[in-house]
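These notes are about the structure you will find just below.
We count ligands from 1, going down the list as the structure has it; atoms in each ligand are counted the same way.
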Amino acid sequence: MKYIKKILTIEKVKVRDIAKKFDTPTYCYSYNQLKKNINDFKKNFESFSPLICFAIKSNTNVNLIREIKKFGLGADVVSIGELMMALKAGINPKKIVFSGVGKTSKEIAYAIDKKILLINAESKSEIKEIDRIAKNKKKKVQIGIRLNPNTDANTLSQISTGKKENKFGVNEKTFLELVNYCMGSKNISLKCLSVHIGSQILDHKPYEKMLNVIDKIIVKTKHNFEFIDLGGGMGISYGDNNRKLNYTKYNIAIKKFLKKHSTKIIFEPGRSIVGNIGFLISKVIYIKENDEKDFVILDAAMNDLMRPALYGANHKTLTSIKTNRKSKKTYEFVGPICESTDKFASLKNFQKLKEKDIIVMCDVGAYGMSLSSNYNVRPKPAELLIEESKIRIIKKRQKHKDLM
Ligand code: PLP
């Protein structure tokens, strides 16, 4: 996305034309950015050709997942619904891993029937349940055990998952016990050690620490893990600061690890694959003047894009046409929902706006639409996939009648 002669464009399509033709709020994804992200990701780790399982939770649009599948990616799922979605998109079950702390018996049975690559278990009770169901079905099931490496990912506390106070995975002591349990089971084949320490990680050092913890624990188990699943979490640059994870250093750390352990690496990236491909196009309904700041009331709200309300996340905010006129007052961009947290950004020196102007929030491809809801009986936005000047509707806008 860039300004061409002051007109904002996604690939070769003008944002204002999208708003006119498809109405607002609308999610748009750039196909060429998706392709670049996947190719860059593969290139970063090409020396050991990992299995890349796209984290479906970051974007659950079946048509987008279909495109991702064409690049050979598998899927990381965390519910039966996500598993069904990955299969519907045509992802090979042998490239699907199932994570999550609370898989129900029904979910486990379904995953076994679909013969997915791995169920990454997160507790002793879950492993016993997998064992029980597998025995009933007279099957041997491939599993991983998720380790909680007690590693601080240096990210927002709400998206940190690898510290001992977090609910995810099991600690070292339990991990060692569970390896022994699996060795004694006829219905379980322990194939993988998995971890995922958090999301939006910008510093490679937590990953290095995590690898050290895994290295030591593998030595203690004396077990030969066919797979080590390192999870996702690779951070991207939001806003203008241009900070992102140093892949070269992460790659070096993994290669060092692989010199000691012969295993296949799995990754579960979400945000780094789809984060920066997405844009939310909205329209200014009203500008409400106030003492210190003016409220810019958009037709997009927290139900469409939850990240700012949920984590205080910032998304770069742009106009569809650039002018040089600046507002003297701070603009607070808000939605129409009856919650004070329905607020996207508070920006000084922003371009002077008027009602009906088009506003774009950037980098919303991950955890944008997938976290959206129908709060306030608001239908969900349409989703478009843009490639050069081609626009494809990959999900229709919901209608009120769909919600009644
Ligand atoms: N794997 C697991 C188990 C997760 O919980 C998550 C996100 O929370 C991911 C992968 C994807 O993380 P990200 O989108 O930061 O790459």
Short side-chain donor-acceptor distance under 3.5 Å, Ser189 and Gln142: no
Gly270 N/O under 3.5 Å from ligand 1 N/O: yes
Ligand 1 to Ser58 polar contact by distance, N or O atoms, under 3.5 Å: no
Pair Asn63, Glu67: side-chain N/O donor-acceptor within cut-off below 3.5 Å: no
Close approach of Ser272 to ligand 1, heavy atoms, under 4.0 angstrom: no
Ligand 1 contacted by Ala366 (non-hydrogen, < 4.0 Å): no
Region of Ala55 engaging ligand 1 - heavy atom pairs below 4.0 Å: side chain
4.0 Å heavy-atom contact, Tyr367 with ligand 1: yes
Element-labelled atoms of ligand 1 that are located less than 4.0 Å from some non-hydrogen atom of Gly233: 12 (O), 13 (P), 15 (O), 16 (O)
Distance, nearest 0.5 Å, that separates CG of Asn61 from CE of Met369: 7.5 Å
Ligand 1 contact on Asp76 by region, counting heavy-atom pairs under 4.0 Å: side chain
Heavy atom of the protein closest to atom 9 (C) of ligand 1 (residue, atom name, distance): His196 CE1, 3.4 Å
Nearest-neighbour protein heavy atom for atom 15 (O) of ligand 1, which is reported as residue plus atom name and distance: Ser199 OG, 2.3 Å
Closest protein heavy atom to atom 1 (N) of ligand 1, given as residue, atom name and distance to 0.1 Å: Glu268 OE1, 2.5 Å
Heteroatom proximity flag, Gly232 to ligand 1, N/O under 3.5 Å: no
Main-chain N/O of Ser194 paired with Asp229 side-chain donor or acceptor, under 3.5 Å: no
Distance-only polar pair, side chains of Ser373 and Asn303, donor-acceptor under 3.5 Å: no
Arg146 N/O to ligand 1 N/O under 3.5 Å: no
Side-chain donor or acceptor of Asn187 paired with backbone N/O of Lys139 under 3.5 Å: yes
Protein heavy atom at shortest distance from atom 4 (C) of ligand 1: Lys57 NZ, 2.9 Å
Residues that Lys6 engages under salt bridge (Lys or Arg N to Asp or Glu O under 4.0 Å), provided they are two or more places apart: none
Aromatic centroids of Phe333 and Phe350 separated by under 6.0 Å: yes
Atom indices of ligand 1 within 4.0 angstrom of Pro269 heavy atoms, with elements: 16 (O)
Check: Glu11 side chain, Glu388 main-chain N or O, donor-acceptor pair, under 3.5 Å: yes
Sole residue of Phe279, Phe344, Tyr367, Tyr238 in ring pair (Phe, Tyr, Trp, His ring centres under 6.0 Å) with His315: Tyr238
